[in-house]
Amino acid sequence: MYNHKVVEKKWQEYWAKNHTFKTGNDPKKKNYYVLDMFPFPSGKGLHVGHPEGYTATDIVARMKRSEGYNVLHPMGWDAFGLPTEQYALQTGQDPAVVTKENIANFKRQLNTLGFSYDWDREVSTSDPKYYKWTQWTFEQMYKNGLAYEAEVPVNWSPDLGTVVANEDIVDGKTERGGYPIYRRNMKQWMLRITKYADRLLAGLDNLDWPENVKEMQRNWIGRSVGAQITFKIKDSDETFDVFSTRPDTLFGATYAVLAPENKLVQKITTDGHKEEVDAYIKQIESKSDLERTDLNKTKSGVFTGAYAINPVNNQKIPIWIADYVLGSYGTGAVMAVPAHDTRDYEFAQKFDLPIKAVIKGGDISKEAFTEDGPHIDSDFLNGLNVEEAKKKIVDWLEEHNAGKKKVNYKLRDWEFSRQRYWGEPIPVIHWEDGETTLVPEDELPLVLPHATDIKPSGTPESPLVNLKDWVNVVDKNGRKGKRETNTMPNWAGSSWYFLRYIDPHNDNKLADYELLKQWMPVDLYIGGAEHAVRHLLYARFWNMVLYDLGVVPNEEPFQRLYNQGLILKDHDKMSKSKGNVVNPDDVIEEYGADSLRMYEMFMGPLDASIDWDDNGPASTKKFLDRIWRLFVNDLDLKAIPQENVVEENDGTLDKVYNETVKKVTEDFDALHFNTAISQLMVFINAAQKAKTIPREYAEGFMTLIAPIAPHMMEEIWQIYGHDESITFAKWPTYDPSKLVESTVEIMVQVNGKLRGNFDAPKDADKDDLEKQALALPHVQKFLDGKEVKKVIIVPNKIVNIVAK
RNA sequence: GCCCCGAUGGCGGAAUUGGCAGACGCGCAGCGUUCAGGUCGCUGUUUAGGUAACUAAGUGAAAGUUCGAAUCUUUUUCGGGGCACCA
């Protein structure tokens, strides 16, 4: 009887000992790079969601090896990060030690699943040999003006003791922990990702990615085209710019609004309104972002007492401040056209500001009219529709030096500083004379010093500030300086790990250019949809920067991307607090890794979120046991092939075998594992009924299913007398001539309803088919008393008789 | 509020181009094996009527296009995901 505990261990040891999955480098073969999103090694270990994507890539990797490719299938660790630091803090441990333990546990678990990783290429983002190159890339960015320090409004989380990036905020709260965030001005390291906005947008078009992920990135980048318009302030030399996608409505601007944080506010507010304005600003500042959005269910704002001059008609319009105008987008100021913008309309209604229609259509006594129509009351724009008017007004603005065409993005520069300990030190020194320099390249890596007190400082400094010996430096001229104490976010290390796998031990370069050229871009990248924006946008940006530096050969790193779905329990996400977590260790113990792998692939489409069925692994185990009994005769001393597996082929299984080879090959390539497995079951059902099974077909079947259930297939392969691992067994091919039969079944319909069928030779004459169909007694019954109007014949499929 | 995706038996899901709806598996029922249970093998399983052949209905709902619709079009309901004052 098959014992998964013994056999799986046996082959896992065999693969490790023989380095079976060492990346091939045969120049005669083509290369294939199949990549998993590497995990964050948390203390909880793997849950059953991890193996889903990992099994999918493993199947593809094993299939490609069999098809004769050099395959790169690596694994590593996204090892820096806040959760480890918090856990270490709570339990009084060193994050480095915790990380090491967690990695060991993850690696053990991955190995019990039988994944075919090339462990000689393992990387960890917290390894100084690795983050040397994270720091090196940062320095290149700094030298090229892509990394800079700035006093910017940031998302401060007092609970996490650090700022977080815009990308890390969900529903106004931190993505990790769900803590409130507050706007606060802080000096931060920033990466100029906005410079790449257009390329990040354009590059999406040629990628084989899920459409929704592309759409999310497009929305995140948020490109919009409009005009920047300059307004003068009445009785003042000051001016301000607004951005608008609807410059054509300029004649309908009846007031202007500045963001409360706009610096101009203090300058222009008149004495009579100062108190009110200051009170409003103060109220806004004390609220978290979430409260601010709640607050804004109804509009709020105050008048500054100042007026702006509309450049197109020299009318004076009041300037208000309101927090529905964001300081961080566009120019932090808008011209308000209440007649044709719903937000401005709501505001004008509340504060009784004038509403002036400049486009015909709609009823502005009820709501804003935002659709297209001819312009009215707009001087030289009258009669034009929106598109024409936009062009004309931009020309006019440029002619009169009052504005210009402008493209704006929602994307903002990447906030790159974290006030925490467990991350890559930013390799920068601030000198007493105000100069800022990089740590020289030949001194990299700048190693994160060991620290015992890693409590967040609650200030813009990280816990590193307490390590005086490390922080304080003196140069050769006796000039004193302090090291940057902020660390990088853990998105840094994960933005380029796929490059390091290609040349993981290189001490002189991030990776060898020639090797990168051989392997990049990644052919297939599978991971969770939660990384649709952040990781995938950062990684594309990082790779583009390296591309511009001539370090990597491709602008886009991931050619084909796929998101696996979630595995649910009782129609809900698995989580410790709900107590519905399934541990893969338990499933492997009871049913074996092969059964778990197969079940997760058989559940349904890879990208669907599906409920975990507790007896799912039992059902795939049952199927695997059937395969074992069909092919293997267990004798007391030794297992041998079953005697009905023979050298001769009686032809019974020709069709189903060739169909199986075709369907499984195509389905694996398309990542349709659930239907591939059902076809493998169809073959076994047929083989079980057959008197004999040709050895060629038996072994071909083993090769097809080995990527899903590698342990058992290695064992059977060995029983069938092979000395080598099934890993490199040649992938079977099919004979198309065996797929078609000489006779086909023709379905007969009367008025579209199925009434009978008959067998006919393939590609039979249409007239014959019609005659035979009409002659069927059952069909005759339905034609009784009716006149045949028309007969439609689909060759080799259907005859439809239309009768009345 | 806006954008995207989806809805098929008791359950998970199959169904190239519009052409036999429900592959494959789970579950359930019956029979055999077994002292018994489990395993294993066989049979049945969309619903209604009928011993059966067969008939009728049937892919969230309503309408449409077509000889023919799970598949295409329109409207609508529900579910999931994303964005959310982005001017």
Side-chain angles (χ1 to χ4, degrees), chain A residues 1 170-172 210-220 222-224 226-227 242-247 249 256-257 259 292-293 296-297 299 322-326 328-337 340-344 346-347 408-412 529-530 532-533 563 565-566 568 571 598-599 602-605 607-616 618-620 622-623 625-626 629 666 672 674-685 688 745-757 778 781 789-803:
Chain A
M1 199 50 215
V170 179
D171 295 333
E211 207 42 56
N212 66 323
V213 174
K214 291 197 201 181
E215 202 52 35
M216 279 163 72
Q217 294 215 350
R218 287 191 190 107
N219 290 341
W220 193 264
R223 182 179 198 267
S224 57
V242 304
F243 172 73
S244 172
T245 54
R246 293 293 304 279
T249 59
V257 190
R292 242 172 104 161
T293 17
N296 282 311
K297 288 280 191 283
K299 295 265 184 292
D323 69 351
Y324 84 90
V325 173
L326 307 173
S328 49
Y329 180 77
T331 59
V334 302
M335 66 179 207
V337 185
H340 306 292
D341 180 282
T342 48
R343 294 153 303 180
D344 297 342
E346 201 187 312
F347 192 82
N408 246 328
Y409 301 91
K410 279 200 261 182
L411 182 70
R412 286 170 232 159
E530 69 272 21
V533 172
N563 293 130
L566 293 174
L568 310 173
H571 306 283
M598 182 174 278
Y599 171 59
F602 188 55
M603 291 177 86
D607 58 357
S609 291
I610 301 170
D611 225 36
W612 177 265
D613 178 357
D614 279 325
N615 53 28
S619 78
T620 45
K622 203 164 111 182
F623 173 61
D625 285 342
R626 280 173 67 204
R629 288 194 304 270
E666 288 171 0
H672 294 166
N674 56 330
T675 50
I677 291 167
S678 82
Q679 182 63 39
L680 291 164
M681 288 170 167
V682 168
F683 176 81
I684 288 300
N685 290 344
Q688 208 155 29
E745 195 180 20
I746 302 290
M747 311 312 296
V748 183
Q749 297 180 334
V750 177
N751 292 331
K753 285 199 196 298
L754 188 67
R755 296 303 179 194
N757 63 72
H778 196 66
K781 211 163 72 187
K789 294 278 187 197
K790 200 170 159 192
V791 179
I792 288 143
I793 295 168
V794 182
N796 297 325
K797 257 186 194 152
I798 217 160
V799 177
N800 188 17
I801 300 158
V802 186

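Chain letters run A, B, ... following the sequence lines, proteins first, then strands; residues in each count from 1.
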Please report the distance separating the P of rU51(B) from the corresponding atom of rA61(B), rounded so that it comes out in whole Å.
31 Å
Contacts of Leu326(A) and Asn212(A) projected onto RNA chain B by closest heavy atom; the upstream (5') one is Asn212(A)
Interatomic distance, Asn751(A) CG vs rA69(B) P [rounded to whole Å]
11 Å
In this structure, how many angstroms lie between the P atom of rC2(B) and the NZ atom of Lys410(A), rounded?
15 Å
Nearest whole angstrom, please: distance from the P of rA87(B) to the OH of Tyr409(A).
13 Å
Roughly how far apart, to the nearest Å, are rG9(B) and rG58(B) at atom P?
14 Å
CG of Asp341(A) to CE of Met335(A), rounded to nearest 0.5 Å, is 9.5 Å
In whole angstrom, give me the gap between the C1' atoms of rU65(B) and rU16(B).
23 Å
Nearest-neighbour nucleotide for the Arg755(A) side chain, rC67(B), rC83(B), rU55(B) considered:
rU55(B)
Residue list, ring pair (Phe, Tyr, Trp, His ring centres under 6.0 Å) with Phe347(A), at least two apart or on another chain
Tyr255(A), Trp320(A), Tyr324(A), Phe351(A)
In whole Å, measure the gap between the C1' atoms of rA70(B) and rU46(B) for me.
14 Å
What string of B, S and - do you get for nucleotides 11-26 of chain B, 5' to 3', if B is base contact, S is sugar-phosphate-only contact and - is no contact with any protein heavy atom under 4.0 Å?
-BSS--B-BB--BBSS
First locate atom CD of Gln688(A), then atom CG of Asn685(A), and finally report the distance between them rounded to the nearest 0.5 Å.
7.0 Å
Is the phosphate of rA87(B) approached by Tyr329(A) (side-chain N or O, under 4.0 Å from OP1 or OP2)?
yes
Can you check whether Asp607(A)'s main-chain N or O pairs, donor with acceptor, with Asn563(A)'s side chain at less than 3.5 Å?
no
Could you check whether Val325(A) gets within reach of a base, just the sugar-phosphate, or nothing at all, counting any heavy atom under 4.0 Å?
base
Expressed in whole Å, how much space separates the C1' atoms belonging to rG32(B) and rU39(B)?
14 Å
rU71(B) to rU66(B) separation - P atoms, rounded to the nearest Å
16 Å
Keeping the roles fixed (side chain from Asp344(A), backbone from Val337(A)), state whether a donor-acceptor pair exists under 3.5 Å.
yes
Val533(A) vs Arg412(A), nearer the 5' end of RNA chain B by closest nucleotide:
Val533(A)
How long is the line joining CG of Asn219(A) and P of rC3(B), in whole Å?
11 Å
Between rA87(B), rG82(B), rC54(B), which nucleotide gets closest to the side-chain atoms of Met216(A)?
rG82(B)
Roughly how many Å apart are rA52(B) and rU59(B), using the C1' atom of each and rounding to a whole number?
29 Å
Residue set satisfying ring pair (Phe, Tyr, Trp, His ring centres under 6.0 Å) with Trp220(A), at least two apart, ordered chain then number -> none
Is there any side-chain hydrogen bond (donor to acceptor under 3.5 Å, both in side chains) pair reaching into residues 674-684 of chain A, and which pairs are they, with sequence neighbours excluded?
Thr660(A)-Gln679(A), Asp667(A)-Thr675(A)
Taking atom C1' of rU43(B) as reference, at what distance in whole Å does atom CD of Gln688(A) sit?
15 Å
Measure the spacing between NZ of Lys622(A) and CG of Asn615(A) and express it to the nearest 0.5 Å.
9.5 Å
How many angstroms lie between NZ in Lys789(A) and CD1 in Ile801(A), if you round to the nearest 0.5 Å?
15.0 Å
Answer syn or anti for rG9(B), where the cut-off is 90° from 0 on the glycosidic torsion.
syn
Interatomic distance, Asp607(A) CG vs rC4(B) P [rounded to whole Å]:
18 Å
Using a 3.5 Å limit for the pairing distances, which stems of at least 3 consecutive Watson-Crick or G-U wobble pairs does RNA chain B take part in?
B:1-7 with B:77-83, B:10-12 with B:24-26, B:27-32 with B:40-45, B:46-49 with B:54-57, B:60-64 with B:72-76
Reckon Lys753(A) touches a base, only the sugar-phosphate, or nothing at all at heavy-atom distances under 4.0 Å?
sugar-phosphate
Test side chain to side chain contact (heavy atoms under 4.5 Å, CB included) applied to Met747(A) - qualifying residues, sequence neighbours left out
Glu745(A), Leu754(A), Asn757(A), Ile798(A)
Can you tell me how far P in rA56(B) sits from the matching atom in rG60(B), rounded to whole Å?
22 Å
With a 4.0 Å cutoff (strictly under), does any side-chain N or O of Arg218(A) reach OP1 or OP2 of rC83(B)?
no
Output the distance between atom CG (Asn800(A)) and atom NZ (Lys790(A)), rounded to the nearest 0.5 Å.
9.5 Å
